[in-house]
Amino acid sequence: MDAAEDREVKLQRASGDLVSEFSAKLPSLLWRAQTGTPLRTPRKWAQVTKTEKLVSLLEPFQEWPQLLDPHLQKLLPPLVDAFLAYLIKHRTQYGCGSAKSSQAGSQYPLPRAICRLLYTFCKVRGVKVISRFLNNEPKYLDSMIRAFIEWDAVRPPNPEEPVESETQRLIWEERYVMLVWLSHLLLAPFDLSSLSSDDIPVPYDNLQQLTWLPSETPMVARSLLSLSLHYIGASGKEREAATALLARLALRGDMQALGVLIGLTKWAFALIQPTENVESPSVYACIGVLTFIARLGGSGQVEDFAPLINYVFQQTLSVFQGKSSSVSATIQSSALARKFVVKILRNITIMALSLNERGDPRINDDQLSTILEDAIDHFLVSLADKDTPVRFAASKALSIITLKLDPEMGTEVIEAVIGSLGENILFEKNDGSLRWQGLILTLSHLLFRRAPPIHQLPEILQSLVSGLGFEQRSSTGGSVGTGVRDAACFGIWAMSRKYTTRELLALQPQVVASQSGQKEVDVLQKLAVELICAACIDPSGNIRRGSSAALQELIGRHPNTIAQGIPLVQVVDYHAVARRSRALIDVAKATASLDQVYWSPLLDALMGWRGIGSPDAESRRHAAKSIGILSTQELFKTMSLVLDKLLQMFSSISRNDVESRHGCLLSIAATVDAFTSEWEASVEKRDTPEARAVSSQVANIWDIFGSASSPTDDDLTFQTSRPELTAEASSCLISSLSRSTIKAGLAQPLEPLLNRTLQILSLCVSRNDDISIETSSTALAQLFPLLPPSKQEETVRTWFSHLRTSWRLPTGRGQILALGTVFKQLGAQSVVQEDIVTEILRYTGKEEFIEKRVAAVKCLATSILPYMATTDTVASNFVGFLNDYTTDRRGDIGSLIRVEAIQAVPIVLQRQLDSTSRSPLIQNLVGCLCRLACEKLDKVRLQAWLSLQVFWESAGDLPPIENHVSSQEYFAQILTLQDIDWLRLPLLQGLATSAISGAEGLVRASRSALTQFLNSQAQHRRQKILMVFLQDLSTVLGDNLQDDRFAIPAVEFVAFLIDSYIPVIPEASDPSFRKLFTLVQKAHFRSANIARLEAAVKAYAALSRVDSLRAGVLKKMTGLLLHPFPRVC
Amino acid sequence: MLSILRKARLKDKEMRILMLGLDNAGKTTIVKRIMKEDVTTVSPTLGFIIKTIDFMGYKLNIWDVGGQKTLRSYWKNYFEKTDTLVWVVDATDRLRVDDCRQELSGLLLEERLTGASLLVFLNKTDVEHCMSEQEVRERLDLDSIKTHKWTILPCSAMTGENLNEGLEWVVQDAKDRLFLY
């Protein structure tokens, strides 16, 4: 949602660059490079790549065509000029004589390049705007027709010139643009006979269809007729241009004098009503013909068309209604064709109306009323059409015609529309929402044209307001009401625009159903309230934005009628409502705090289908949160109101409506939370009657769990009743209630109630989804202090036994976490606490499921360690967790445990900071951190670094820390730790994994950090460090000889170091190399692991460069040649 | 709905102006002067000219059609969706003033121009002994026009006098219409 806006802004910024690049590159595409000569010559060929590049510069403007407007004047004339220059100079050479025929594929004939560009302009900005820039001098008509015919002819392939066939004929963009251009040229105010010469060819043999064509018809007209008749049935875009050309030709005065208009109309209907033995026309031909007739009706003069009105009307209806069945089936199956039928009927009806008004004898009252009746009937039916464009066209047609009718009849039409809204179409299964959209859209269009009289506004407004809240779910569960609500927004927008403040204020306030509990306000205010609710709460982003736009119009056009109008517009901003959570929570809160008028309607809407009754859980959570925030509007007074409403609502929701119950319980919980924090914040208000009322209300909420509407065990266990939702909601509520009871010192619930809630939570915590477990274990932690100690212990023991029975089963994660969360509540019972620790440690063992182990380690790290008096026993376990490298089919699952364990280290370290000497345990832990901070897995490295950083900063004896953590610099920084003796070994161990087996980028970063570190040292020191490194690596290798994870990287790392630094290695280091050589041999002794062997070979290669070892190494390698693995030999 | 709004905003700011009048009334010169082009080399318009200018935030598409007698029967080809009709009168041409009145009254009967406003430019008022505004008003019988909103402005294409005032009237008229409802 937000992204779209960003794109627009970006486009706006970039538009200047796009345009200037376009104008800079255009000339070289069009003209030959001839500096100094005043007369320019157009190119014959244009490069495809250049053309396409220019096209791609224009395409981005499609999102925001206005940006192009100021530049059209500059961009289009060069294209037009070049085309005409080509027409004059190279017309006969189109598509042939390419200078370099080898490049035929990479070159367009110039007209094709120009037309590609012009077409793109048309696509972006609209053909009507672009055609204004085409040249209209009549002298070009002749050559344009000739060019079209010559270039479009299928030429026999010329053996001498092997030009690819596609360059031989016009492509569709060229045909489209040239036909558009031809019809533009036909605007010339001269008789065609004066522009015609006799040798203009007629391209197609299709004029015998027009038997009535008089012999004195100018050749130009014949040629154009032939052209457009040929392309009227085309499947491509050129059909549109051809119909426009044909219509313009037929409407010219000189052509009408020849009977072309009437002739062509009759021809058109004959084409789509074929006689028995003629093949019926294609769907494109039908669309083409209908488009042509619609255009005639759209731009023809009433007088010219008068004799045809009845004929066209009847013919259109009869074609559509299927006297000739196959054609009518074709037409009815095409949305485009149905749309044009609507347009034709609309235009004809309007003409009939205006003829009748003038008392023209050609249309008498009877004919008119038949036409009106049939047309309106057809439109009303089309309002429910399954294709949106048809509904749009029909609603627009109805509104335009209503505007022209005399007021009495207009009123009747509006009544008919409102009447159909009232029919029980909601119960129609298929087209309910479609018809509603059509009808509401009609009303909106009527308002947009200010057609309805004032006295009908009340009814219309009622329909609009109910349309704004319309929702229907399709059989698959998707929402289908969006279109209706959208149309209603448009209607309110149009009404605010077209009616004066006085007219609207004069309406009776009862017109719009009053929001409950509101003082009587005028209609405008009520509309504003409705729009605000839609803008904050509607599930569809488009509706929220549409409502926001309509609200802006309402407030802007009717100043000083809406409470807090201007601040309202700023708050309910077009951009602010784009994100649903922001609209639901922030915008709603800001709006409610502007004026009391908005609070109650927003609350009601939040409690409705758009809020906590939404089909998706996330929206319900947001809505519940929003209700909680809104409840604090007037502190305790409003809280009490909200709680009342919610409780009442909860008791009325059916048990099967799990989703609404979920939303409702969450809202109650949110409101209780709001109460608790308000109670804590305002000490001085605690003693008011309102506060006392709310606290007793809250205390009574516990009763929900003892009432008939309480969540049952079945609700929490039966998979069909979506137990996860009930679990989440009940846990949240119990958690909020317990907190509130303790914090505000409310009366404790009775024991049976407490036991019941405990039981509910026990069920929740045994579930397997994260949300249930998390919310219920939090709730348990809140509830525990309310329980008597004996009960607490009993509960814990129950969990122990449950956990033991589920040993090595996937369930039990919840209990582990719950044990953790209640740990700190059991401060007084250290025996139980110790038991908990022992019990949980049991589930960290390697035999248990990984999920449970992770949960157990997490629980130890975050919930238990911080609250333990002595940590040493547990801490020693953590060294084991930090070294967990368990792998299974999913890969390194031990990393999950390492990540959780890392969280615990700072807590342990914190305890020890004050003691001066470091215990071996601490050194061990920090060493592990250090290794993990260098290891290859990104997520582990990051967490380890964060923990290490804490220690590093607090310890005085480490080098100073610098503040960057990215790749190479990161490693460079962490390498400075090698000075610390007890950290060097783990550091190298970790680094080896990153430098050898990490991802590409990681390998590069760690290696270059290492070499840079070494190179920056002085010669002597470098030697020393190197030798220390090699010794340490020997130790690592020796310790982990059997562990692939460390042995292989260590061997390879040794190879890398020796290879890079052989010249620096001092003479007298023989013994350590000899030791390494032995270790490497041991590392692959009797191994069939190829990776090991390969690593060893690399190490041998490096070792062979040490003179004293060369002989031994070579011997070993010769031995390896006999190895059974081909890759190693 | 958002697309309808966007389209409506686009159209709000765009107008189609049809420039008509007898031949040699100075229509093309007026257009050229407005466009700040050279006005000394104007020849009779063969056919028509389309110009677009930005004026006070509005885009004015001016259709300037030749006024010779042979062309007048084609005027109706250009009526489509015209917002304002600009009728240019040659203030020095007393002889054809009847002709001028007949053409104008014929135009005002046209169904397709019913919604359009009428601006009468009385051109060439920089020439001495030309007709006064009052005289033209009477001889063209302007005061009897009830079907269209109209005004008359004496102007000069050569000096540029009152041309911008005329366009201002056109734009103001568009604004009025927009806010009237």
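In what follows, every chain begins at residue 1, and chains take the letters A, B, ... in the order their sequences are listed.
You'll find the side chain of H184(A) reaches within 4.5 Å of the side chain of I50(B), heavy atoms only. Considering only heavy atoms from C-beta on, P189(A) stays 4.5 Å or farther from W75(B) through its side chain.
At a 4.5 Å heavy-atom cutoff, the contact between T52(B) and chain A is made by backbone and side-chain atoms alike. For K51(B), no part lies under 4.5 angstrom from a heavy atom of chain A. Residue Q68(B) does not touch chain A at all, counting heavy-atom pairs closer than 4.5 Å.
Between the CZ atom in F48(B) and the CG atom in L187(A) there is a gap of 4.5 Å [rounded to 0.5 Å]. Note that CZ of F190(A) and OG1 of T70(B) are 6.5 Å apart. Values are rounded to the nearest 0.5 Å.
Around NZ of K128(A), the count of heavy atoms belonging to other residues, nucleotides or ligands within 6.0 Å does not exceed 12. Environment of NZ in K404(A): sparse, with no more than 12 heavy atoms of neighbouring residues, nucleotides or ligands closer than 6.0 Å.
Of the possible polar contacts, none joining the Y74(B) side chain to the R252(A) backbone as a donor-acceptor pair under 3.5 Å is found. In terms of modelled atom types and a separation under 3.5 Å, the side chain of N136(A) and the main chain of I49(B) share no donor-acceptor contact.
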